[in-house]
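Inspection log for the structure reproduced underneath, given as structure tokens.
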Amino acid sequence: MTTAGWIAISVLWILVLVLCVALLALARQIGVLHERLQPVGALSLPKGVKVGDTAPQVDVETVTGARLTIGGGQVRAADQLVVFVSPTCPVCKALLPSLRAIRRSEKSLVEVILASDGDQSEHVTFIQNNSLTDFPYVLSEALGLAFGAGRLPHAVLIDRTGIVRASGLVNSREHLDSLFEARDRGVGTLQDYLEKADAYI
Amino acid sequence: MMPDAALTWIVVAALCALLVVAALGKLADLAKFSAAIQGYRLVPPGLAGLASLALPCLELAAAGCLLIPSLRTAGAWLAAGLLASYAAAMAINLARGRSNLDCGCFGPARRERIASWMVVRNLVLAALALALTVPPPSRALEALDWLTISAGTFATVCLYLAIETLARNQPIIRSARS
């Protein structure tokens with residue numbers, strides 16, 4: 001085999017391998033892009049609770065074993081923000097940094113609780129991979145049913161007197177922040193805002 | 001039969017990689033893999049536990065035999081048999097109209113549903129394994145052959161993964177279009 005032959009074949013192999021890797025990367029990106037583009041679905045009013053009602057009381061246990069009471073008529077020190085998430089929901093993952101920020105900045109004002117249901121081991125990995133150990137993390141189907149969390153991520157804001165102030169699908173940091181704005185202005189849902197939009201402009 | 005010894009090595013190495021990855025994925029969660037086998041409704045439920053251990057062990061055995069030239073023919077028959085029977089199991093269930101079951105192919109962690117392209121994939125892989133049952137004309141391998149074998153194996157694995165990813169994206173793209 002001559003030197004020229006060796007060089008020709010080596011160069012061809014390098015090109016083939018680079019092309020193979022690029023093709024694989026592109027194929028994977030199609031899947032990832034689709035995940036990102038996944039429609040969050042129509043914003044529907046939750047069936048479980050109505051804004052302005054007293055939140056139903058649900059006693060739950062966090063994954064670490066601590067007992068927690070969500071809702072109920074009693075007066076507490078801080079608001080409760082219950083965010084229903086799932087390890088398989090890409091939009092939920094995108095929201096996690098915002099939730100951490102809210103937990104830090106509004107620590108005395110709001111208690112952020114993450115809720116989900118299903119296999120515990122899957123959630124423990126999710127908590128570890130996304131460093132969510134600081135959050136109370138609840139696995140309870142009853143909680144999801146009580147608050148009508150159909151589409152994820154779903155957030156419910158319960159004020160300190162136990163009244164539901166906002167409830168619905170949230171899909172961005174702005175949306176999440178707007179829950180607090182909504183609480184302050186007394187707007188419960190997006191539909192509610194759109195109906196009364198004229199009054200705000 | 002493969003036309004050349006270098007080509008044989010590429011197919012051997014790629015098939016071994018596939019069998020080992022598949023076997024380890026299955027061994028990682030035997031309980032769920034056993035449930036996946038029961039989902040196929042082809043073996044009696046009592047035997048699913050045994051099958052869930054036997055299948056990955058057979059896959060590892062096939063991979064090991066393929067790597068040893070004197071045992072290659074036996075390993076090739078075993079690999080071809082396994083791949084063809086997986087294809088048959090999926091084809092039977094697809095024909096029954098039961099496409100909504102866990103494939104279990106690379107272990108239950110992947111949570112993949114069976115589909116017709118997997119039957120084709122397994123038949124192609126079985127045909128490749130079958131081609132290894134007849135040894136190629138013997139020839140001394142030189143340095144350039146080893147470059148061909150190593151780069152060729154890497155390229156084959158990459159292309160396999162790319163094709164599989166594209167096939168898996170297919171239903172998503174189809175549902176997005178409609």
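Because the structure is a prediction, the values reported are computed rather than measured. Protein chains get the first letters and strands the later ones, always in sequence-line order, with residue 1 at the start of each.
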*Is there a side-chain contact between A:Ile30 and B:Leu166 (heavy atoms, below 4.5 Å)?*
yes
*More than 12 heavy atoms from other groups under 6.0 Å of CZ on B:Arg41*: no
*Does OH in A:Tyr137 sit with more than 12 non-hydrogen atoms of other residues, nucleotides or ligands closer than 6.0 Å?*
yes
*asked:* For the interface with chain A, which of B:Cys158, B:Ala162, B:Ala155, B:Ala151 has the highest count of heavy-atom pairs at distances below 4.5 Å?
replied: B:Ala151
_Would you say CH2 of A:Trp13 has more than 12 non-hydrogen atoms from neighbouring residues, nucleotides or ligands within 6.0 angstrom?_
yes
_Heavy-atom pairs under 4.5 Å with chain A, option from B:Leu159, B:Leu161, B:Leu144 with the top count_ = B:Leu144
_Straight-line distance of A:Arg28 CZ to B:Asn169 CG, nearest 0.5 Å_ = 10.0 Å
